[in-house]
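The block underneath contains the structure these notes are about, expressed in C-alpha cells.
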Amino acid sequence: MKFDVQALDRKWQDHWKEHKTYRTPDDTDRPKFYVLDMFPYPSGSGLHVGHPLGYIGSDIVARQKRQAGYNVLHPMGFDAFGLPAEQYAIDTGVHPSESTARNTARYREQMERLGLSFDWDRSVNTSDPNYFKWTQWIIGQVFEHWYDRSAERARPMSELVTYLEQHGTEGLQAAESEPMTVSATEWQAMSEKEQSDLLMNYRLAFRSVSYVNWCEALGTVLANDEVKDGRSERGNHPVEQRPMLQWSLRITAYAERLLAGLETVDYSEGLKAQQVNWIGKSTGALVHFDIEGHDGGFDIFTTRPDTIYGTTFMVIAPEHELVEQLTTEEQRGEIDDYLTYVGRRSELDRMSENKVTGAFTGAYATNPLNGARVPIYIAEYVLKDYGTGAIMAVPSDDERDRRFAEKFGIEIIDVVDKSDYPGATLKDKVGKIINSDFLNGMEVPEAIAAATRRIEELGRGTEQTNYRIRDLVFSRQRYWGEPWPIVYDANDVPQLVPEDKLPVTLPTMDDFRAVSGASPLERASDWVTTPDGRRETDTMPATAGSNWYYLRYMDPHNPGAFVGQDAVDYWQDVDLYVGGAEHAVSHILYSRLIHKFLFDIGKVPTREPYKKLLNQGMIGGPISYIHLGILLADDGQRHPIWVSSDVAEGTSLEVDGVGKGYLVLDESTGTRLTPLRFVTETSVNNESSFRLYHTSVEEAQRLDHQDAAYFRTILQQGAAFAWHTDKEGRQYLELSVEQGKMSKRKYNAVNPDDICDRYGADCFRMYEMFLGPIDQAKPWSVSGIDGVYRFLRRFWNLFVGNGDALAVSDEPGSREEMKILHTLIRKVTEDVEKLSFNTCVSAFMVATNELTKLNCNKLAVLEPAVRLIAPFAPHLAEELFRALGGAGSVHHAAWPEWEEQYLREDSITYPVAFNGKTRLTLEFAAEATRQDIEAAARADAQVQGYLEGKEVRKVIVVPKRMINFVVG
RNA sequence: GCCGCCAUGGCGGAAUUGGUAGACGCGCUGGAUUCAAAAUCCAGUUCCUCCGGGAGUGUGGGUUCGAUUCCCACUGGCGGUACCA
C-alpha cells in the first residue's frame, strides 16, 4: 500500500465510473437532498483553479448528505448555446456544435479529474434537441398565457379570449404593454390579425417594438444585464438604443412576487439587495397635466407628490411621442438641433459626460393643483422607458432638476423646509412643507399622502407603484440558440408550433454572420418556409436554456414532459445552489421568474427554485508585467531593454550586448503581460516578490506552447535584459504585479489539472477548501499546498507501518483517543452544515497531529475517521476504507455520529481575570459549582497575590468558562 | 452618489457567537538526521520590554465585570449599480 496519489486518483476514478457509484436512484423512500452547481458555459479555455472552489464545496455537501442517508441529487451539465461559440465559428469556420462538443468533453474530463461525485447519467446539454424541445415548449406556454392582476397569476390565453368576447377590456386587470380599451362588440368585429395583435399586448411572451440595446458588432440585440457601461459584456463592443420589433418576456408582471419571494429564501444579504435594486420598486403617484392649447395632456410619475407646488417646469424624454406635437414653430429649430445632438450621442457619451442639456418645446402645461403655467422642456436626463417618460421638475427638491433650472434660468420655489433636519440631503424624504397651500406645515410623509389623496379626489391622478425592471428582451438575431417555436401564417398571425412538432431544430449552415440586424437564419430559406407559413428567425438568448435546467435533472430522459410530475413532486426544489456571484442578478432572477410561471400553471409544487444559495468567492491570480525601458547609450543610440520594475529613471546601467548608458522611460515602452508559468514567486525580506529568471526566458524559447509563443514575441521587443543577480548568482528581473480575475487573456489562469497531477485530487480539494471561507474572494497561491500534502501523508501514515503495509490494531481506543475522534466528528459534522470547510480541514489536521503523537493505529479510532474524511479526500478514503475491510464504497458508508460521553471533560482550565485582564489559569472539576469555584479561587495563593491590598467588589464566575475578579 | 461585503501576526486565516486573541497551515529562525542536498522530525515564532511586565484585532468614542464579537461616528479596500423622477 503505497501513498501514490496519482495511482489512487486513477484507480478510484475508473472504479467509480465503471460501477456508477454516484448514480442517483429514483428512490422515494429516503429523504431527498438536491445540491446543484451553477450551469457552466464550456468555454474554450477550460477550467481554471477558481472554478472548482464551488464544485468542491458542493461536492463535500453532496457526499456528506449521501453518507448521512439522504438520496442526493448532484448533477452537472452544460449551458451550451451562446455567443462565444458562434463568434468562434465566424472566426475559425468551426461549427458551434463541434467546438461546443469539444469544450464540453474537456470540462467533463477536468471535473472527473477532481473526483467530483456527479451522476453523469443525468447530465444535460441545452443545445441537445431532446433538451431544447422543452425549452421551446416552456416558452410556448409562456406565449400561451397572460397575467391576471386580480388573481396575481398567469392564466391561459383562451380564458382571456373568452373574457374579451363577453366584456371587452372592461374590468380587465391584466399585465399589458400599453393601456388598451376595446368593447366586446369591437373585439368580435376584429379580423383574426387584429385580434392577434391585440392579444400580443397581454401575452407573457410577446412581440413588440421597443427601445432595445443594439450591438452592431455582434449583430444582435442584448438584454440589460448583458450590457455593462454602454458596452456588450461579451466582446466589449459599443451598444446603442434602437427601436426594434423584438420578442420579450413580461417579467414586469412578476416584479412584486419576485420581490416578495426573496423573504422566503436563504440568500446572502448582498445578493438579495442586488435583486431588490434590479427590480427597483418605488411608490408614488401618477399625475395628469393638461397642456395649454392641446387636448389630452400627459401623465407623469413622481414619488414626491408633496412637492407639486414647487413644479416650475416639466421635462419629457426626447423620444417621447408628444415632442412632435408640442413643439411650437418658434422652437422647432432648437428642438430639431437638440434631437440631432441626442441622436448622435452614444450611450457611452451620456454616461461619461453627464452634462446638463435640453431644449424648450414652446409649450406649457398646467399644474392641476394651482393652475400654474409651467414650460415643457425635453432633456436626455429623462428616460423614455422609466415611468411615463415625463416628469414634473421640482428644482428646489431634486438635484437634477436644480442643475437644469440653474442652467436654463428657471424659477426655483422652496417647498420643503429642512431646517429641522441638519445634514439631510435633497434625497431624504424629510422636512416641513412650505409655500404649498393646504400642504403647508405638514411633514413630508404626511404631505405625500395628503397630496396623493387630493390628486385622486380631483380625478387628476392616482397612487402608483413603479418598477425599474424592464421586460426581458428575449430575441437574438443569431444562429446558435433555440429557434422561437413560432410560424407566421398567411395572415401574418404568429402561431405556436404544436408540441408534436417540437423541437424546431436549427438548419445546417456554415455562415453565421448576422447582416444588418437580420438573423443568419433568414438565409436558410428552405428552413424558413414551411407548409404552415414562415418561421420566426430570431433565436432565444442563452438564458432560455439555463432558466429551468435544474428541473430537467430531476427527470432528464423523460420524452413526454420537461419533467415528470412524480419526479418534481419528490425532488421539489434545490436545497443548496452554489455558484459565482456574476450570476447573482440575471440568472437567478430569470429562473425564479420561470419557476413562478410554472408554479402558476401547476407544473411545479414550489414557489421558489432555490432554497439556499451560496456564492463562492472569486479566486484571483497575479497579473505580472515585465517592464520595458529605453537605454540611452553613451553613443546616443536608444535601445529598448527589459528592466526590473524597481529601477528608476535616470539610473546608469551597463547591459550586455548593448553597452553603457542610462535609463529613460516613456509612454511607448511601459509594461507587457508576463504569462504566469514564467514567473517565479519568491520571498525576499519577508515580502513576496515576483521575478522573471533568466532560466525562464530560456525555457520560453524551448517550449511549444501558446503562452510561450506569445512570450517569445513579446521578448523580441527588447534588445537586451538588464538583469539583477541574486545571492545564488541567478539572473532575474523584478516584475510588477496586481491581483485580478483569472483569465486566459491575462495569462494568469492556473489549470487545476496541473495541480492534481502534482499533488493528487484529494490534496487539491483540501487545499482549495483550506484557503479560507468559501464565500470570500482570495488570491491563488500555491504556498501552503505542501502543508496540506504533508498532512495527508501523516493521515495515511496512521494506517501503515514500516514498509507500506497496513498496520492497524483491534484494541479499543483509549479515552484520550476516543475524545480526539469524537471531537473531530462533532466539529466536521457541524462545520459542513455551516459550509465552513476551511475549519473542517484544520480539524482534520489537529486530530491527525494528536493521533500521530499518541502513535494511535487503532481501528476503532481510525475507521470512523476514514468515513469522516471521505467527502474531502474521496480517493484516499476509498483506498483506506477498503483496505480496512469495509464493505462497498466508503461514499455510501454511514456518516459517523459523535457521542457526548467521549466529549465530557473531567476538569476544566479556567482563565482567572482581574478587572477583565487574564492573569493566570486554575483547574477545577467539570461539575464544580459557582460557589465552589469562587471559594477555591479566592483561597488560591497566586490569586491572593493579585488581590493583596485591594478590595474585591464582585466576583463573576461563569461555570465551564472563566472567573473574573472586579477589584478596587 | 447609492446598496452590499470586508478589515485580526511577515502571509492565508481561527476564535464554541460577549468569556485565555492569533487554532491550523505557509514562511522564517535554530536544532536532529545526512558526506551533502532533498525529504522527514523536534523546538521557537504578534509587537515592545529594564524580563517585573506592558501594548495589541483599520481609527475614534460608547455599552459591559469583560468587546475581534454589540452600538455610534469615521478611514481604507472589494463587488454591484447609477441622470430611475
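Letters go in sequence order (proteins before strands), and every chain restarts at 1.
As rounded to the nearest Å, C42(B) and G53(B) have C1' atoms that lie 30 Å from one another. Comparing the C1' positions of A38(B) and G77(B) gives a spacing of 41 Å, expressed to the nearest Å. For the P atoms, the distance linking G79(B) with U46(B) amounts to 33 Å, nearest Å. Taking the P atoms as reference points, C83(B) lies 22 Å from C78(B), given to the whole Å. Here, U69(B) and C84(B) have their P atoms 37 Å apart, quoted to the whole Å. Between the C1' atoms of A21(B) and U57(B), the separation comes to 7 Å (whole Å). Taking atom C1' in both C28(B) and G9(B), one finds a spacing of 13 Å when rounded to whole Å. Spacing of C1' atoms, A55(B) relative to G22(B), comes out at 15 Å, to the nearest Å.
For E951(A), there are no salt bridge (charged side-chain N to carboxylate O under 4.0 Å, His left out) partners at least two apart in sequence or on another chain. Remark: F914(A) engages Y946(A), F965(A) in a ring-ring contact (aromatic ring centres under 6.0 Å, His included) (not counting sequence neighbours). For N964(A), there are no side-chain hydrogen bond (donor to acceptor under 3.5 Å, both in side chains) partners, not counting sequence neighbours. The ring-ring contact (aromatic ring centres under 6.0 Å, His included) test applied to F872(A) returns F844(A), not counting sequence neighbours. Scored by the ring-ring contact (aromatic ring centres under 6.0 Å, His included) test, W898(A) finds no partners at all (sequence neighbours excluded). Under the ring-ring contact (aromatic ring centres under 6.0 Å, His included) criterion, Y902(A) pairs with H822(A), not counting sequence neighbours. Under the side-chain hydrogen bond (donor to acceptor under 3.5 Å, both in side chains) criterion, R794(A) pairs with N849(A), not counting sequence neighbours. Every residue meeting the side-chain hydrogen bond (donor to acceptor under 3.5 Å, both in side chains) condition with T929(A), not counting sequence neighbours, appears here in chain and number order: D932(A).
Classification of E830(A) and K834(A) as a salt-bridged pair fails, no side-chain N sitting under 4.0 Å from a carboxylate O. Residues R304(A) and D306(A) are paired through a salt bridge, judged by an N-O separation under 4.0 Å between the basic side chain and the carboxylate. A salt bridge between D397(A) and K418(A) is present, with a side-chain N of the basic residue lying under 4.0 Å from a carboxylate O of the acidic one.
Between the side chain of S781(A) and the backbone N or O of S783(A), at least one donor-acceptor pair lies under 3.5 Å.
Across all strands shown, A273(A) has heavy atoms under 4.0 Å from sugar-phosphate atoms exclusively, and none from any base. K355(A) comes within contact range of at least one nucleobase, with a heavy-atom separation under 4.0 Å. Across all strands shown, V912(A) has no heavy atoms under 4.0 Å from either base or sugar-phosphate atoms. Among the heavy atoms of the strands lying under 4.0 Å from V846(A) are primed sugar atoms or P, OP1, OP2 only; no base atom is included.
Under 4.0 angstrom from either OP1 or OP2 of G25(B) there lies at least one side-chain N or O belonging to N849(A). A sub-4.0 Å separation between OP1 or OP2 of A85(B) and a side-chain N or O of R402(A) is absent.
The side chain of E269(A) approaches C5(B) more closely than any other nucleotide in the set C5(B), A85(B), U20(B). The side chain of N838(A) approaches G13(B) more closely than any other nucleotide in the set U81(B), C84(B), G13(B). The listed nucleotides are G80(B), G25(B), U16(B); the one nearest the side chain of Q274(A) is G80(B).
Two residues are said to be in side-chain contact when any heavy atoms from C-beta on lie closer than 4.5 Å; L851(A) and L798(A) meet this criterion.
Summarising the geometry, the separation between CG on D385(A) and C1' on C84(B) is reported as 9 Å, rounded to the nearest angstrom. If you take CD1 of I391(A) and C1' of C83(B), they are 10 Å apart, rounded to a whole angstrom. Between the CD1 atom of I908(A) and the C1' atom of G19(B) there is a distance of 13 Å, rounded to whole Å. Following rounding to the nearest Å, M769(A) (CE) and G13(B) (P) show an atom-to-atom distance of 14 Å. Taking atom OH of residue Y386(A) and atom P of nucleotide U81(B), one finds them 18 Å apart after rounding to whole Å. To the nearest angstrom, P of A39(B) lies 11 Å from OH of Y759(A). Going from atom CE of M845(A) over to atom C1' of A14(B) covers 13 Å, rounded to whole Å. Separating the CD1 atom of I785(A) from the P atom of G25(B) is a distance of 16 Å, rounded to the nearest angstrom.
With its glycosidic angle within 90° of 0, G52(B) is assigned syn. With a glycosidic angle further than 90° from 0, U29(B) counts as anti. Look at G79(B): its glycosidic torsion is beyond 90° from 0, and that puts it in the anti range.
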List every contact pair, protein side and nucleotides 61-68 of chain B side both N or O, where the distance is under 3.5 Å.
{"from": "C65(B)", "atom 1": "O2'", "to": "N964(A)", "atom 2": "ND2", "distance (Å)": "3.2"}
{"from": "C65(B)", "atom 1": "O2", "to": "N964(A)", "atom 2": "ND2", "distance (Å)": "2.5"}

Could you write out each protein N or O paired with an N or O of nucleotides 40-49 of chain B at a distance under 3.5 Å?
{"from": "C41(B)", "atom 1": "OP1", "to": "R794(A)", "atom 2": "NH1", "distance (Å)": "3.0"}

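For the side-chain contact (heavy atoms from CB on, under 4.5 Å) criterion with V356(A), the lone passing option out of K407(A), R400(A), E380(A) is K407(A). With Y767(A) as the partner, the ring-ring contact (aromatic ring centres under 6.0 Å, His included) test is satisfied by one option alone out of W780(A), F837(A), Y759(A): W780(A).
Both V841(A) and T302(A) lie close to RNA chain B; mapped to their nearest nucleotides by heavy-atom distance, the more 5′-ward contact belongs to V841(A). Remark on RNA chain B: of its neighbouring residues P911(A) and G270(A), the 5'-side contact belongs to G270(A), judged by nearest-heavy-atom nucleotide.
The stretch residues 771-784 of chain A comes close to RNA chain B through L771(A), P773(A), Q776(A), S783(A), G784(A), each having a heavy atom under 4.0 Å from the strand.
Rounded to the nearest 0.5 angstrom, E768(A) CD and N838(A) CG are separated by 12.5 Å.
Using cut-offs of 30° and 60° for the angle between ring planes, the F408(A) and F404(A) rings count as parallel.
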**Q.** Intra- and interstrand pairs of RNA chain B - dot-bracket, Watson-Crick/G-U under 3.5 Å, | marks other strand
**A.** (((((((..(((......[....)))((((((.......))))))(((....)))..(((((..]....))))))))))))....
